[in-house]
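Quick notes on the structure that follows.
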Amino acid sequence: PIEQQAPDPSKKTLVVLGTGWGAVSLLKNLDTENYNVVVISPRNYFLFTPLLPSCTTGTIEHRSIMEPIRNFLRHKVAAVKYYEAEVTKIDHEKKVVYMSPDSDSAGQLGQQELAYDMLVVGVGAENATFGVKGVREHGCFLKEVGDAQKIRKRIMDCCETATLKDQSPEEVKRLLHMVVVGGGPTGVEFAGELQDFFENDLKKWIPEIADHFRVTLVEALPNVLPMFSKSLIEYTEQTFKEETIEIRNKTSVKNVTEKYIEAEYTDANGQKQVEKIPYGLLVWATGNAVRPVVKDLMSQIPAQKDSRRGLAVNEYLVVKGTDNIWAVGDCAVANYAPTAQVASQEGAFLARLFGQMARTEELESRLALLSEEQSRAAKKEDRDEILREIKELQRRFRRVKQMGPFEYSHQGSLAYIGSEKAVADISWLTGNLASGGQLTYLFWRSAYLSMCFSTRNRILVIMDWTKSYLFGRDVSRE
Ligand code: FAD
Ligand code: NAD
């Protein structure tokens, strides 16, 4: 085997699970010299999710919003170990994690075990299906790069198949009906991007589909974007109407088959009706569910028994019922929405907390040493000198110990709604500023550009935007 650098026995082993918003923000801000840091994640890159909907239509190429984890870990002062593997179990009692590499080349390596002193769980969430049958088999999710690629291929597949010789009119109609389930920001942004793709490119390249291409957004609640202010909800619904995206509010999808969905709604007489809606592409964006590895950990800890949506944490993000496990992001329940903004602030908070803990431990061991020296010192002046040092250390100790709990600072919510319009609820001094339109779209672009992980990402995204603007989006099916 490749010779591995042995961990420093004088330091604790800090294992971080995941390479998403929470984990990467922690790693970016962490002083890695204080711990033996090990990162485990099946994904060896960070993904800038806010621009993922743009990858489904090729406005942005997926590699432009990916940043290899190794690229930034190599700049850390102390080496960080990374394993590309999925953690399948966390044993809270034994303080070990079990991981399996997700690679055919791993051969007989199988499951491996790794002990930790401190563990940060930042594994995110999986897609919710609410037990609706057929979603996994026939629908596309929109969470990972692979999902965006699948959708991009599927859009082109539908368009090309619809224009085949002798295609029946019903099939043409079905194939060109793009259905999005879930009117949260993921569903809304995707629907907007898709309609743009049709208006700006598909219509020109494949004029035969112009009369049949339709986008429908299905939402169980009375309106889309429930987390936005009322005026922006209305603005979004009005904009969708103008863009000819049909919104089916108060409609809940109960079953999915290969060619149609079954949607339940209440008719004008108050009767429940089920409608079969044929589709060519189905994108399922109904939010988050707890990952099995997190569920399993919760089942080991009695204090987690009432938690449903993820690991309940205290105000220092410590998983309740443990003293050496922390959780960040979508897998943690801390009374905040599961967003990138929350996850990254939590990660940065933990980096500060761990820095403080390392300083506290160092001061504690120095204090213990000095007390010992003081009790052994024979001369009074030596004892006094040591006492002075102890007092100084105690003063520093008190300062270090004063770190407050995690407090989330909400910067606002932003979403793209198509035809170069965006909506934004921005926290502004003491109030809230709600705005929608093309200026907001420019703000949306500049905000996301500035938030990109690296300068490399930023340049690639600008190049992609320019390319799409000048030459249109690429409609070739890979
Ligand atoms: P993630 O970023 O999902 O990362 C989880 C990590 O854990 C990944 O690296 C994954 O590979 C790894 N992992 C998974 N299972 C295991 C395992 N068993 N063992 C080890 N590692 C594992 N939020 C906003 O605030 N603004 C936005 O504009 C926005 N846009 C979004 C657009 C889309 C399309 C989506 C899907 C989400 C968007 N979000 C946005 C939400 C945001 O992406 C999430 O809240 C955020 O990613 C949560 O961060 P996280 O670190 O908890 O999880
Ligand atoms: P979400 O949970 O915000 O919305 C899912 C929607 O699906 C809900 O409105 C729900 O009523 C609906 N739904 C559930 N089951 C349904 C069914 N059977 N039929 C019809 N509708 C159904 O999910 P999301 O949009 O994926 O967002 C997940 C998280 O990521 C949220 O916290 C969100 O704020 C965040 N996010 C933010 C942005 C942004 O800020 N631009 C973008 C994407 C995601």
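Counting starts at 1 for both ligands and their atoms, following the listed order. Heavy atoms only: backbone and side chains are in, while hydrogens, waters and symmetry mates are out.
Looking only at heavy atoms of the protein, atom 17 (C) of ligand 2 is closest to Val253 N, 3.8 Å. Protein heavy atom in closest approach to atom 4 (O) of ligand 1: Gly20 CA, 3.1 Å. The nearest protein atom to atom 42 (C) of ligand 1, hydrogens excluded, is given as Ala340 N, 3.5 Å; this is a heavy-atom distance. Nearest non-hydrogen protein atom to atom 51 (O) of ligand 1 is Gly22 N, 2.8 Å. Looking only at protein heavy atoms, the nearest one to atom 46 (C) of ligand 1 is Trp21 CD1, 3.5 Å. The protein non-hydrogen atom at the shortest distance from atom 39 (N) of ligand 1 is Thr49 OG1, 4.0 Å. Counting only heavy atoms of the protein, atom 9 (O) of ligand 2 lies nearest to Glu219 OE1, 2.8 Å. Looking only at heavy atoms of the protein, atom 22 (C) of ligand 1 is closest to Pro42 CD, 3.4 Å. Scanning all protein heavy atoms for the shortest distance to atom 14 (C) of ligand 2 gives Thr286 CB, 3.4 Å. Of all protein heavy atoms, the one closest to atom 25 (O) of ligand 2 is Thr186 N, 3.0 Å. Protein heavy atom closest to atom 44 (C) of ligand 1, with residue, atom name and distance, is Asp330 OD2, 3.4 Å. For atom 28 (O) of ligand 1, the closest non-hydrogen atom on the protein side is Tyr448 OH, 2.6 Å.
Between Tyr336 and Tyr408, the angle of the ring planes lies from 30° to 60°, which puts this pair in the tilted group. By the 30° and 60° cut-offs, the orientation of the rings of Tyr441 relative to Tyr416 is tilted. Using the six-membered ring where Trp is involved, Phe198 and Phe213 have ring planes that are parallel, under 30° apart on the 30 and 60° scheme. Between Trp326 and Phe354, the angle of the ring planes goes over 60°, which puts this pair in the perpendicular group of the 30/60° scheme.
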Stepwise side chain to side chain contact (heavy atoms under 4.5 Å, CB included) test for Met99 and Glu86: CA-CA 5 Å; Met99 55 182 167; Glu86 183 180 331; over 6 Å; no
Taking it one step at a time, do Leu114 and Val15 satisfy side chain to side chain contact (heavy atoms under 4.5 Å, CB included)? CA-CA 9 Å; Leu114 184 80; Val15 174; 3.7 Å; yes
Before giving the answer on side chain to side chain contact (heavy atoms under 4.5 Å, CB included), spell out for Val215 and Glu246 the whole-Å C-alpha distance, their side-chain angles and the decisive distance to 0.1 Å. CA-CA 6 Å; Val215 180; Glu246 189 188 355; over 6 Å; no
Verdict with reasoning, Val145 to Tyr45, per side chain to side chain contact (heavy atoms under 4.5 Å, CB included): CA-CA 11 Å; Val145 163; Tyr45 56 88; 3.8 Å; yes
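Note: no N/O pair closer than 3.5 Å links Thr186 and ligand 1 by distance alone. The shortest N or O to N or O distance between Ala23 and ligand 1 is not below 3.5 Å. Between Gln341 and ligand 1, at least one pair of N/O atoms sits closer than 3.5 Å. Considering both main-chain and side-chain atoms, Pro338 comes within under 3.5 Å of ligand 1 through a nitrogen or oxygen pair. The shortest N or O to N or O distance between Thr19 and ligand 1 is under 3.5 Å. Taking any N or O of Asn288, backbone or side chain, none lies under 3.5 Å from an N or O belonging to ligand 2. Taking distance alone, with nitrogen or oxygen atoms compared against 3.5 Å, Val181 stays at or beyond that limit from ligand 2.
The main-chain N or O of Arg43 is found under 3.5 Å from a side-chain atom of Ser41 such that the two form a donor-acceptor pair. At least one donor-acceptor pair under 3.5 Å links the side chain of Ser25 to the backbone N or O of Ala348. Using a distance-only test at 3.5 Å, with no hydrogens or angles considered, a donor-acceptor pair links the side chain of Asn249 to the main chain of Pro222. Between the side chain of Arg174 and the backbone N or O of Gly280, no donor-acceptor pair lies under 3.5 Å. Glu237 places a side-chain N or O within donor-acceptor distance of the main-chain N or O of Val224, the cut-off being under 3.5 Å. A distance-only check finds a donor-acceptor pair linking the side chain of Asn457 to the backbone of Met66 [under 3.5 Å].
Counting heavy atoms only, Pro185 comes closest to atom 42 (C) of ligand 2 of the residues Ala424, Pro185, Pro53. Proximity annotation for atom 2 (O) of ligand 2: of Ala125, Pro50, Gly287, Gly287 comes nearest, heavy atoms only. When the options Pro338, Ala285, Gly131, Pro222 are ranked by their closest heavy atom to atom 32 (O) of ligand 2, first place goes to Pro338.
Interface atoms of ligand 2 facing Met227, defined by a heavy-atom separation under 4.0 Å, are 3 (O). Counting atoms of ligand 2 from 1 in the listed order, those under 4.0 Å from a heavy atom of Leu414 are 39 (C), 40 (O), 41 (N). Each of the atoms 14 (C), 15 (N) of ligand 2 lies under 4.0 Å from some heavy atom of Phe130. Residue-ligand proximity, Gly184 to ligand 2, at heavy-atom distances under 4.0 Å covers atoms 3 (O), 4 (O), 6 (C), 25 (O). Counting the atoms of ligand 1 from 1 in the order shown, those under 4.0 Å from a heavy atom of Ile40 are 20 (C), 21 (N). The distance from ligand 2 to the heavy atoms of Glu189 drops below 4.0 Å at these ligand atoms: 41 (N), 42 (C). Near Tyr448, the atoms of ligand 2 lying under 4.0 angstrom from a non-hydrogen atom of the residue are 41 (N). For ligand 2, the atoms sitting less than 4.0 Å from at least one non-hydrogen atom of Thr339 are 32 (O), 34 (O), numbered in the order shown with element in parentheses.
Relative to the ring axis of Phe453, Lys28 places its NZ or CZ within 45° and under 6.0 Å from the centre. Geometrically, Arg248 engages Tyr265 in a cation-pi contact defined by less than 6.0 Å to the ring centre and at most 45° from the axis.
Between the OG1 atom in Thr56 and the NE2 atom in His62 there is a gap of 13.0 Å [rounded to 0.5 Å]. Remark: Trp444 CH2 to Leu51 CG distance equals 5.5 Å, nearest 0.5 Å. Taken from CG in Asp330 to CZ in Arg309, the straight-line distance is 11.0 Å, to the nearest 0.5 Å. From Phe406, atom CZ reaches atom CZ of Phe349 across 7.5 Å, with rounding to the nearest 0.5 Å.
With a 4.0 Å cut-off on non-hydrogen atoms, Trp444 does not touch ligand 2 at all. Neither the backbone nor the side chain of Val224 comes within 4.0 Å of ligand 2, counting heavy atoms alone. If you look at Arg291 next to ligand 1, the close heavy atoms, those under 4.0 Å, all belong to the side chain. Contacts between Leu47 and ligand 1, counted as non-hydrogen atom pairs separated by less than 4.0 Å, are absent for every part of the residue.
In this structure, Asp330 has no heavy atom closer than 4.0 Å to ligand 2.
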